[in-house]
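One structure is given below, encoded as structure tokens.
Keep in mind that the numbers below use all heavy atoms, side chains included, and drop hydrogens, waters and symmetry copies. Residue numbers start from 1 in every chain, and the chains themselves are labelled A, B, ... in the order their sequence lines are given, proteins ahead of strands.
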Amino acid sequence: MAQKIEPRIFKGARDFLPPQMVRRNYVINIIKTVFEKYGFEPLETPTIELWETLSGKYGEEGDRLTYRFTDRGDREVGLRYDLTVPLSRVVAMYPQIPKPFKRYQIQPVWRADKPQKGRFREFYQCDVDIVGSASMLADAEIIAIIYEILQILRFEEFTIRINSRKVLSGMVEVSGAGMEKEFDIYRAIDKLDKIGFEGVAEELQKLAIPESAVGKLLDILKIEGTPAQRLDTAAGLLAGSAAGQQGVAELITLFQYLSRYEIPGSCFAFDICLARGLDYYTGPIYETVVEKPRIGSITGGGRYDNLIGLFSGQSQPATGSSVGLERIITVMEELEMFPPQLNTSTGVLVTVFNEDLLPYSIQIAGKLRQAGINTDLYTGASKLRGQFGLANDKNIPLVAVAGPDEQAQGSVNVKNMASGEQQTVPLDALVEYIRSILSGD
RNA sequence: GUGGGUGUAGCUCAGUUGGUUAGAGCACCAGGUUGUGGCCCUGGGGGGCGCGGGUUCAAAUCCCGUCACUCACCCCA
């Protein structure tokens, strides 16, 4: 035998074994169902994009973290960094797509990052976006979807933080710090939660911003009161900036719309410190944070009215959010939010008593499968003991035994693995019996 | 890219001031139970201590190097 190859996996990438996949699919199905309930339609795009498509969209950091290589034809290509840029490319390539275009997309993305807790190099994102609507209603739809998904998944404590890039740029404009340092300033502001006002002040000073500008920025950041009051105050402080004023006006409209959806006010908040890292945002930005496991944001997004224009030459308003599947799963695992018994997709294992009785077992499995019951027919070589062991290891809730006695009377013996109870049921009643156990419990 | 931590059976880890054939739990295999698992009992297989070098009569235990993994920063889902 040749020397064994040490089985290893690429750092930051993962295998999802069946018990994990069942849970992942559970979450994905809920997300997908809500997306479709709100009238969004599916889209998929290639893993690999031309480098020119990906580069320069996310900012310096984003470029650095994008997997990049040359293919055999010496073409510069990369693995997609997110799902928003590919969407923008698609919208520009297919102008005939009816607008507003509401699409959702659930696919993996890649980042050449150092893996950490809740952080991978290959991971799934679930994006929902609306292209072709400049209305705050589009942003409200996105936020409503996020709320509903988290609700159905039974998240109890989370906050959807909302801000606007226009408000932020208005702040920079009014402060006199200089627009060329805009993004650096955002990054500093974004750290407020972690490093506090003093920390932010230090960060800003490092950027060689005039003392007076630092003071003005901090004054704005320190606005207090209810969301409405803070927006009001912000409007006053940003009076000198057209962008800032427009940003505030948009947020006021957005919050008005949100109040029309049935979202409790405690679940979302105007947060002037929210900045978000990507360069392409132009309007409202939002992200969801949970406190319980300190894992950062579980969703993130915003409006990007100029991105599509980079591909089509004609700008197109767009807004949307990414729902972070991996982090949602991490939180749900840690808080034990998954329904119990969510370990297998199989409902029943049909055993094979011996070679002679195999036809009978096949017949039984066929009957169950025809009825739409997920049925495993044992294909191994073990005796009944081993077959029960397998059902146990795989968490299959029911085992059907069809031995000589059962065959003689045209029945099947069904064992409930959780309770240990067994019952012999006639073949005609089998489907109904198993269905009732699997659904009811 | 920067800093810290760890590397002993498939997994989680223990291994006293360096000293005889390196341990436990879980997992795995077999039997107790040739129509039934999960519990229990009995027995068994499996590593030579990430790798390379050094010190020593003697190293998993000390030193140097190297690799890998991991946590944090940065940034982000």
Side-chain angles (χ1 to χ4, degrees), chain A residues 6-12 27 31 58-66 80-84 106-127 146 183-184 186-188 190-191 194-195 199 203 274-279 281 285-290 293-302 321-331 343 349 351-354 357 361 378 382-408 412-424:
Chain A
E6 195 56 36
R8 286 154 52 78
I9 188 165
F10 183 69
K11 191 208 289 269
V27 176
I31 291 172
Y58 309 107
E60 205 179 314
E61 188 71 7
D63 264 9
R64 192 169 72 78
L65 295 177
T66 304
R80 63 166 171 257
Y81 178 89
D82 71 359
L83 302 176
T84 307
I106 300 174
Q107 287 190 277
V109 301
W110 287 264
R111 298 195 183 169
D113 214 357
K114 276 196 181 172
Q116 274 175 53
K117 184 192 285 186
R119 198 164 199 201
F120 310 94
R121 285 180 170 169
E122 181 188 53
F123 63 96
Y124 275 72
Q125 288 195 328
C126 311
D127 273 33
I146 290 168
F183 293 126
D184 294 325
Y186 296 165
R187 266 187 271 279
D190 204 31
K191 293 182 193 167
K194 284 185 183 172
I195 61 180
E203 292 276 323
L274 174 69
R276 309 232 8 106
L278 303 179
D279 282 2
Y281 293 123
I285 47 183
Y286 26 86
E287 70 176 31
T288 308
V289 290
V290 292
R294 292 207 68 234
I295 197 169
S297 51
I298 55 174
T299 81
S321 180
S322 181
V323 176
L325 179 68
E326 314 296 349
R327 288 192 178 171
I328 284 177
I329 288 172
T330 303
V331 171
N343 296 305
L349 171 72
T351 58
V352 176
F353 195 84
N354 61 31
L357 285 160
S361 287
Y378 186 71
S382 294
K383 304 274 189 192
L384 229 41
R385 177 185 164 82
Q387 302 187 36
F388 270 89
L390 181 70
N392 190 63
D393 291 345
K394 294 174 79 168
N395 279 299
I396 298 174
L398 298 174
V399 174
V401 179
D405 299 346
E406 284 80 7
Q407 186 187 38
V412 182
N413 183 276
V414 179
K415 177 163 184 172
N416 181 326
M417 294 296 279
S419 66
E421 286 167 22
Q422 271 177 271
Q423 189 159 340
T424 302

Atom [atom1] in [X], atom [atom2] in [Y]: separation rounded to 0.5 Å?
| X | Y | atom1 | atom2 | value |
| --- | --- | --- | --- | --- |
| A/Asp82 | A/Asp127 | CG | CG | 7.0 Å |
| A/Gln125 | A/Arg327 | CD | CZ | 10.0 Å |
| A/Ile298 | A/Thr330 | CD1 | OG1 | 10.5 Å |

Sorted by position of nearest nucleotide on RNA chain B, 5' first, the leading residue of A/Asp405 and A/Ser322 is A/Asp405
Between A/Ala402 and A/Gln125, which residue's closest nucleotide on RNA chain B lies nearer the 5′ terminus? A/Ala402
Which listed nucleotide ([options]) is nearest to the side chain of [X]?
| X | options | value |
| --- | --- | --- |
| A/Lys11 | B/rU70, B/rC74, B/rG35 | B/rU70 |
| A/Arg64 | B/rA77, B/rU36, B/rG1 | B/rG1 |
| A/Phe353 | B/rU36, B/rG35, B/rA77 | B/rG35 |
| A/Phe388 | B/rG35, B/rG37, B/rA77 | B/rG37 |

Contacting residues from residues 108-116 of chain A, given that a heavy atom lies under 4.0 angstrom of RNA chain B: A/Arg111, A/Asp113, A/Lys114, A/Pro115, A/Gln116
[N] to [M] separation - [atom1] atoms, rounded to the nearest Å:
| N | M | atom1 | value |
| --- | --- | --- | --- |
| B/rC29 | B/rG10 | P | 15 Å |
| B/rG25 | B/rC67 | P | 38 Å |
| B/rA58 | B/rA14 | P | 29 Å |
| B/rG7 | B/rU12 | P | 12 Å |
| B/rG45 | B/rC28 | C1' | 9 Å |
| B/rA24 | B/rU42 | P | 14 Å |
| B/rU61 | B/rU16 | P | 11 Å |
| B/rG53 | B/rC49 | P | 12 Å |

With a 3.5 Å cut-off and heavy atoms only, can you find an N or O donor on one side and an acceptor on the other between the side chain of A/Arg187 and the base of B/rC76? no
Can you say whether a donor on the side chain of A/Gln422 sits under 3.5 Å from an acceptor on the base of B/rU36, or the other way round? yes
[N] [atom2] sits how many Å from [X] [atom1], rounded?
| X | N | atom1 | atom2 | value |
| --- | --- | --- | --- | --- |
| A/Phe10 | B/rA68 | CZ | C1' | 15 Å |
| A/Asp63 | B/rC76 | CG | C1' | 15 Å |
| A/Leu384 | B/rG35 | CG | P | 9 Å |
| A/Glu287 | B/rA77 | CD | P | 8 Å |
| A/Leu390 | B/rC28 | CG | P | 12 Å |
| A/Tyr281 | B/rA77 | OH | C1' | 10 Å |
| A/Asn413 | B/rG37 | CG | P | 14 Å |
| A/Asp184 | B/rC74 | CG | C1' | 13 Å |

Note, [X] side chain near [Y] side chain (heavy atom, < 4.5 Å):
| X | Y | value |
| --- | --- | --- |
| A/Met417 | A/Asn392 | yes |
| A/Glu287 | A/Ser321 | no |
| A/Phe10 | A/Glu122 | no |
| A/Leu398 | A/Asn416 | yes |

Give one of base, sugar-phosphate or nothing for [X], where a contact means two heavy atoms less than 4.0 Å apart.
| X | result |
| --- | --- |
| A/Glu406 | base |
| A/Lys394 | nothing |
| A/Phe120 | base |

The test is side chain to side chain contact (heavy atoms under 4.5 Å, CB included); show your working for A/Ile106 and A/Tyr124 and say whether it passes. CA-CA 7 Å; A/Ile106 300 174; A/Tyr124 275 72; 4.2 Å; yes
Intermediate values then yes/no, side chain to side chain contact (heavy atoms under 4.5 Å, CB included), A/Phe353 and A/Gln407: CA-CA 11 Å; A/Phe353 195 84; A/Gln407 186 187 38; over 6 Å; no
At a cut-off of 3.5 Å, list every protein nitrogen or oxygen paired with a nitrogen or oxygen from nucleotides 4-6 of chain B, distance to 0.1 Å.
none

In terms of heavy-atom contacts, A/Ala391 and A/Leu349 come closest through CB-CD2, 3.8 Å
Heavy-atom pair of closest approach, residues A/Ile31 and A/Leu325: CD1-CD1, 4.2 Å
Heteroatom pairs (N/O) under 3.5 angstrom, protein to nucleotides 38-42 of chain B:
from   : atom 1 : to       : atom 2 : distance (Å)
B/rG38 : O4'    : A/Asn392 : OD1    : 3.3
B/rG38 : O4'    : A/Asn392 : ND2    : 3.0

Could you work out, with ring pair (Phe, Tyr, Trp, His ring centres under 6.0 Å) as the rule, every residue matching A/Tyr81, not counting sequence neighbours? A/Tyr58
Glycosidic conformation of B/rG48, taking syn as within 90° of 0 and anti otherwise: syn
With sequence neighbours excluded, tell me which residues meet salt bridge (charged side-chain N to carboxylate O under 4.0 Å, His left out) with A/Arg385. none
N/O donor-acceptor pair under 3.5 Å between [X] side chain and [Y] backbone:
| X | Y | value |
| --- | --- | --- |
| A/Asn413 | A/Val401 | no |
| A/Gln387 | A/Ser382 | yes |
| A/Arg121 | A/Asp113 | yes |

Find the runs of at least 3 consecutive base pairs, i with j, i+1 with j-1 and so on, that include RNA chain B, using Watson-Crick or G-U wobble geometry with both distances under 3.5 Å. B:1-7 with B:67-73, B:10-13 with B:23-26, B:28-32 with B:40-44, B:50-54 with B:62-66
